[in-house]
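Here the structure comes first, spelled out in structure tokens, and everything after it is commentary.
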Amino acid sequence: MHVYIDKITNEHVDKEITIKGWLYNKRSSGKIHFLELRDGTGLIQAIAGITDVGEEIFEEIKKITQESSVIVTGKVSKHPKKENFYELVATKVELVSLAQEYPISKKEHGPDFLLDNRHLWLRSKRQMAIMRIRHTIVKACRDFFDNRGYTLFDSPILTGNACEGTTTLFETDYFGQPAYLSQSGQLYGEAGAFALGKIYVFGPTFRAEKSKTRRHLTEFWMIEPEVAYLELEGIMELAEDFLSYLVERVLDKNKVELEIIERDFKKLEGIAPPFPRISYTEAVEILRKEGINFEWGGDFGAPDETIISGKFDKPVMVHRFPTEIKAFYMKRDPKNEKVVLGVDVLAPEGYGEIIGGAQREDNLDFLLERIEEHKLPREIFEWYLDLRKYGSVPHGGFGMGLERAVTWICGLQHLRETIPFPRMLQRLYP
RNA sequence: UCUUCGGUAGCUCAGUUGGUCAGAGCGGGUGACUGUUAAUCACUAGGUCGUAGGUUCAAAUCCUACCCGGAGAGCCA
């Protein structure tokens, strides 16, 4: 009977089962082989003693290389040394395909080599754990919004306009006219919110910035809720509820994986609303108290963000940024024209910005003014301006970089480990 | 684009003031071992020292240029 490793329970003890998978590692000791098997759901050690399998099979096992695909049948027993661990006393070992010399050894490798072999690196314990946590987070993102009555609203990936006009986009040819890969689904999301009330966009986004840091990918996934009649306070409440929910779900589903990647999950256990809220101006004061000569009006660099977020053990929400440094669509604060009703959420432990959000400019004339200030071509925004002509309402939302959230929750050093095949400045392979 | 660090065996790296400096561990191969957990032990095969010039009696080592990569800045999620 074929059983997946993670489904083995006490009920299987002393019963014969079959595992279909790959040889993860092998240790031999004269007349006994220890075969560490993986099948995608977990790892189990099979024992093949010469007296159990016979001399012929025993000799065959000697030849099986790391990552060869195998089907192993045997009787389930409890591990003699470890509690809650099962073993398989093998009776039959069938070789499906003998693997050639496997490039990834048990010792350490450099990042470049591992990324060249990403298609194989994904088979390692650590990478499998990260992929499972990523999956939990993606599922939690969807569940969070689905449970609150949001509608999934897919924005186009090919667009004719450079959305925010700030970042560099990937250009492609669209039947003779230039088209760009989407850098954000937000503007389309606003149209969705005016139709469906509460929506979220969840898809890949593309940025052709020549960013060579461990916080950047050229292709990454972003989840962007957009809500009609939601103002800045509500956006911040939504963001803190959302992030708390993601953390809670990972703590609930992935304790084993967090242990594999050696995440100190005590640092995650306190993540719950309310999150601290500080204004941009207050953040500048924090920097100045630290002796940094920071002028009001500038944007925070990564080291600045680390200092600010270091003051809190929860994500901190920095709101009301200077108008000049933020995108054209952000609504100016009616009480202070110099700032916009935007918010950045900075993750703890120096992980930086994981969410950027704002209340949107809902007044047609003000929006036109801002488009002019930013020297953006009005024509391509006509449809967007229509939203302000036909029943405009206060509204807003935010975008969360999925990989940045995974990086923070997993406590990783590199964003590139959080996506199956990372796309970076120097990496399009594999 | 700028700053900075690096490129030596399949992989991770060591290599001192230029002179037995072509090395180790892992992985591969051969052998030993019935409770191993990156198993261990013995033996063994692997290299145009990123590329091209230059200095020198002598270059992995010093100089110049170039190529490739990492980290960071800017920009952002």
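Because only heavy atoms are used, hydrogens play no part in the values below, and waters and symmetry mates are left out as well, while side chains stay in. A, B, ... follow the sequence lines: proteins, then strands. Residue 1 opens every chain.
Side chain Gln100(A) to base rG28(B): no donor-acceptor pair is found below 3.5 Å. Interface remark: the Arg404(A) side chain does form a donor-acceptor pair with the rC76(B) base, using a distance-only criterion of under 3.5 Å. In this model, no side-chain donor or acceptor of Ser28(A) finds a partner on the base of rU36(B) within 3.5 Å.
Using atom C1' as the reference point in both rC21(B) and rA58(B), the two lie 14 Å apart (nearest Å). The gap from the P atom of rU8(B) to that of rC49(B) amounts to 11 Å, rounded to the nearest Å. The C1' atoms of rG53(B) and rG15(B) are separated by 25 Å, rounded to the nearest whole Å. Taking atom C1' in both rC41(B) and rC26(B), one finds a spacing of 15 Å when rounded to whole Å. Separating the P atom of rU44(B) from that of rA59(B) is a span of 31 Å, rounded to the nearest Å. Separating the P atom of rG27(B) from that of rG70(B) is a span of 28 Å, rounded to the nearest Å. Between rU17(B) and rA24(B), the distance separating the two C1' atoms is 24 Å to the nearest Å. Comparing the same atom, C1', in rG72(B) and in rA14(B) gives a spacing of 27 Å after rounding to whole Å.
Nucleotide rU4(B) is matched to rG70(B) when pairs are restricted to Watson-Crick or G-U wobble geometry with both distances under 3.5 angstrom. Under the Watson-Crick and G-U wobble criteria, each requiring two contacts below 3.5 Å, nucleotide rU64(B) is paired to rA52(B). Judged by Watson-Crick or G-U wobble contacts below 3.5 Å, the nucleotide rG46(B) has no partner. rA32(B) is paired with rU40(B) under the Watson-Crick or G-U wobble criterion, all donor-acceptor distances under 3.5 Å.
As rounded to whole Å, 15 Å separates atom P of rU34(B) from atom CD1 of Ile61(A). Atom CZ of Phe206(A) and atom C1' of rC75(B) are 19 Å apart (whole Å). In this structure, His216(A) places its NE2 atom 10 Å from P of rC75(B), rounding to the nearest Å. Look at CD1 on Ile50(A): it is 10 Å from P on rC33(B), rounded to the nearest Å. Rounded to whole angstrom, the span from the CG atom of Leu425(A) across to the C1' atom of rG74(B) amounts to 13 Å. Whole-Å rounding puts the Met424(A) CE to rG70(B) P distance at 6 Å. Counting to the nearest Å, the P atom of rG69(B) and the NE2 atom of His109(A) are 21 Å from each other. Straight-line distance from the NZ atom of Lys31(A) to the C1' atom of rC33(B): 8 Å, rounded to whole Å.
Distance from the side chain of Pro303(A) is smallest for rA73(B) among the nucleotides rC76(B), rU34(B), rA73(B). Out of rU36(B), rU34(B), rC75(B), the shortest distance to the side chain of Glu209(A) is found at rC75(B). Comparing rA71(B), rG35(B), rC76(B) by their closest approach to the side chain of Phe34(A) singles out rG35(B). Of all nucleotides listed (rG35(B), rA73(B), rA77(B)), rA73(B) comes nearest to the side chain of Thr213(A).
When heavy atoms are screened at a 4.0 angstrom cut-off, Gln66(A) is found touching no nucleic acid atom at all. Contacts of Leu402(A) with the nucleic acid, taken as non-hydrogen atoms under 4.0 Å apart, are absent. Nucleic acid contact for His414(A): sugar-phosphate only, since backbone atoms but no base atoms lie under 4.0 Å from a heavy atom of the residue. Across all strands, Thr51(A) comes closer than 4.0 Å to base atoms (heavy-atom distances). Counting non-hydrogen atoms under 4.0 angstrom, Met400(A) reaches nothing in the nucleic acid. Looking at heavy-atom distances under 4.0 Å, Gly352(A) makes no contact with the nucleic acid at all. No engagement by Ala405(A) is indicated, since no non-hydrogen atom pair under 4.0 Å with the nucleic acid exists. Within the 4.0 angstrom heavy-atom criterion, no nucleotide atom of any strand lies near Gly49(A). Residue-level contact check: Glu87(A) touches the bases, meaning some heavy atom is under 4.0 Å from a base atom. Among the atoms of the strands shown, only primed sugar atoms or phosphate atoms (P, OP1, OP2) are found under 4.0 Å from some heavy atom of Arg416(A).
Regarding the sugar-base torsion, rG31(B) falls in the anti class, its angle being beyond 90° of 0.
With values rounded to the nearest 0.5 angstrom, Lys63(A) atom NZ is found 7.5 Å from Glu59(A) atom CD.
Between Phe398(A) and Phe145(A), the ring-plane angle classifies as tilted under the 30° and 60° cut-offs. Ring pair Trp296(A)/Tyr280(A) is perpendicular by interplanar angle, where above 60° counts as perpendicular and below 30° as parallel. Between Phe294(A) and Phe300(A), the two ring planes are tilted [angle within 30° to 60°].
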Inset, instruction - Carefully, step by step, assess Glu290(A) and Lys311(A) under the rule salt bridge (charged side-chain N to carboxylate O under 4.0 Å, His left out). - result: CA-CA 11 Å; Glu290(A) 290 293 316; Lys311(A) 301 286 170 199; 2.7 Å; yes
Inset, instruction - Start with the C-alpha distance between Phe194(A) and His395(A), add both sets of side-chain angles, then the distance that settles ring-ring contact (aromatic ring centres under 6.0 Å, His included), and finish with yes or no. - result: CA-CA 9 Å; Phe194(A) 281 20; His395(A) 66 289; 4.7 Å; yes
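Note: Phe366(A) and Tyr329(A) fail the aromatic proximity criterion, with ring centroids not under 6.0 Å apart.
In this structure, Arg215(A) reaches the rA73(B) phosphate: one of its side-chain N or O atoms is under 4.0 Å from OP1 or OP2.
Formation of a donor-acceptor pair under 3.5 Å by the Asp333(A) side chain with backbone atoms of Leu341(A) is not found in this model. Judged purely by atom type and a 3.5 angstrom limit, Thr205(A) uses its side chain to pair as donor or acceptor with the backbone of Phe220(A). With hydrogens and angles ignored, the 3.5 Å screen pairs no side-chain donor or acceptor of Ser155(A) with any backbone N or O of Tyr188(A).
Heavy-atom distances to RNA chain B give each of Glu101(A) and Asp344(A) a nearest nucleotide, and the one nearer the 5′ end belongs to Glu101(A). Where Tyr102(A) and Lys26(A) meet RNA chain B, the nucleotide closest to each residue was compared, and Tyr102(A) sits on the side nearer the 5' end.
Judged purely by distance below 3.5 Å, without hydrogens or angles, the side chains of Gln45(A) and Arg27(A) pair a donor atom with an acceptor atom.
A stacking contact links Phe220(A) to rA77(B): the aromatic ring centre lies within less than 5.5 Å of the base's six-membered ring centre, and the planes differ by less than 30°.
For the contact set between residues 112-123 of chain A and RNA chain B, defined by any heavy atom under 4.0 Å, the members are Asp112(A), Phe113(A).
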